There are 2 protein chains.
Amino acid sequence: MDNIDTIDRRILSALQQDADQSLEDLGAKVGLSRNACWRRVRILQESGVIRKRVALLDPQKLGLGLSVFIQVRTSNHDPDWLDKFARAVKLMPEILGAYRMTGDLDYLIHARVSDVKDYDALYQRLIAKVDLSDVSASFVMEELKETTELSL
Amino acid sequence: MDNIDTIDRRILSALQQDADQSLEDLGAKVGLSRNACWRRVRILQESGVIRKRVALLDPQKLGLGLSVFIQVRTSNHDPDWLDKFARAVKLMPEILGAYRMTGDLDYLIHARVSDVKDYDALYQRLIAKVDLSDVSASFVMEELKETTELSL
DNA sequence: AGTGAAACACTCTAGAT
DNA sequence: ATCTAGAGTGTTTCACT
């Protein structure tokens, strides 16, 4: 159930790049029959190694051309502050990632907005929901790499 | 070709969450027949709004439990330094994202590794390839949110 | 231009060998 | 692992509005 061999890795690698291909093509790619391949994919799904399949959209074409990383500090250590913060970021669709980092009271947020004005609106909404002692934004000038493919 | 209406948004939203559902289900969800829906999806794909469909894997189950953000500074401003750096990060599969940030000579890298020892190996490989004057890592202690779904 | 209904062709899925 | 068969899906065609 946890044993992932070379063929499984090849399958996963192919599906990370393109989840649309038929089992026929996938099987050919990894040197397996359509059916043997299907069974392995099924196991990988049921064991949760494959979490789900999704469509990846183009941010530019949706008017979300500005990617921003927001560094957040708080002085507040209420037991439920974090809970409130977590709930807030989950409800804001522009926020793609939010992480509690090493270094005690540091949080990092990754968001996508249309422009600087739109970022400011996001910022205002965020500080209205939870109190943050220090917030600093860094904007992405150039995307050298961005992928959902994990190393296998 | 660039006009995305409400129904398209509903389609995109559904496919961002789950690209596996049939056109039948998808159509029902947005109030369209199977193939009215199919034609819209086709257009969204051809116009590039839908970039691709991929499988998302579970990092834990693949032994990539440690997420890390690496902040990089360089003193080098050779015209081709950036090119070399970009090539290097693209070739390293543990690196999921690499960004040139505002603030002149600041780069941010997002990577996934198995543990701190594995991070060190990544670090060594990176500085062997390109010269970096300052590198500092922050590790993710807790993932509050992480999604590929864009705001629609 | 954009829709729904039906026909077709193909792929998935599952059981048996 | 291969074969087979049935169910379900994507895709095309056509008629309609």
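Atoms considered below: every heavy atom in the structure, side chains included; atoms not considered: hydrogens, waters and symmetry mates. Proteins come first, then strands; the chains are lettered A, B, ... in the order of their sequence lines, and each starts at number 1. Worth saying up front: this structure is predicted, and the values here are computed from it rather than measured.
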When rounded to the nearest 0.5 angstrom, what distance separates CD1 in A:Ile4 from CD1 in A:Ile43?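 Taking CD1 in A:Ile4 and CD1 in A:Ile43, the distance rounds to 11.5 Å.
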Rounded to the nearest 0.5 Å, what's the gap from CG on A:Leu91 to CD1 on A:Ile95? Could you check?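 Here the rounded value is 9.5 Å.
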Is there a side-chain contact between A:Arg42 and the phosphate of C:dA14, meaning an N or O under 4.0 Å from OP1 or OP2?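 Checking A:Arg42 against C:dA14: at least one side-chain N or O falls below 4.0 Å of OP1 or OP2.
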Taking only the side-chain nitrogens and oxygens of A:Ser33, find out if one of them lies under 4.0 Å from OP1 or OP2 of D:dT2.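 For D:dT2, OP1/OP2 do have a side-chain N/O of A:Ser33 under 4.0 Å.
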Could you check whether atom CZ of A:Arg34 has more than 12 heavy atoms from other residues, nucleotides or ligands sitting under 6.0 Å from it?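 No, not enclosed.
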Under 3.5 Å, is there any donor-acceptor pair linking the side chain of B:Arg39 to the base of C:dG2?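 When only heavy-atom distances are counted, B:Arg39 does not reach the base of C:dG2 through any donor-acceptor pair under 3.5 Å.
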Length of the line joining [X]:[atom1] and [N]:[atom2], which is rounded to integer Å:
X       : N      : atom1 : atom2 : value
B:Leu32 : C:dA1  : CG    : C1'   : 14 Å
A:Leu23 : C:dA14 : CG    : P     : 12 Å
B:Ile43 : D:dT11 : CD1   : P     : 14 Å
A:Gln21 : D:dG10 : CD    : P     : 16 Å
A:Asp25 : D:dG10 : CG    : P     : 16 Å
B:Ile7  : C:dA1  : CD1   : P     : 18 Å
A:Leu26 : C:dC12 : CG    : C1'   : 13 Å
A:Asp20 : D:dT11 : CG    : C1'   : 14 Å

Looking at C:dT11, D:dA1, D:dT11, which one has an atom nearest to any side-chain atom of B:Asn35?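 When the side chain of B:Asn35 is considered, D:dT11 is the closest of C:dT11, D:dA1, D:dT11.
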Could you check which of C:dG4, C:dA14, D:dT11 has an atom nearest any side-chain atom of A:Trp38?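 Comparing C:dG4, C:dA14, D:dT11 against the side chain of A:Trp38, the answer is C:dA14.
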If you assign each of A:Glu24 and B:Ala36 to its closest nucleotide in DNA chain C, which residue comes earlier from the 5' end?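 Comparing both residues, the 5'-ward one is B:Ala36.
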On DNA chain D, nearest-nucleotide positions of A:Arg34 versus B:Ser22: which is more 5'?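 This one resolves to A:Arg34.
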Going by the angle between their ring planes, with limits at 30° and 60°, are A:Phe69 and A:His110 parallel, tilted or perpendicular?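 The arrangement is parallel - the two ring planes meet at less than 30°.
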Return the orientation label for the B:Trp81 and B:Tyr107 ring planes: parallel under 30°, perpendicular over 60°, tilted otherwise.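 Rings of B:Trp81 and B:Tyr107: tilted, 30 to 60°.
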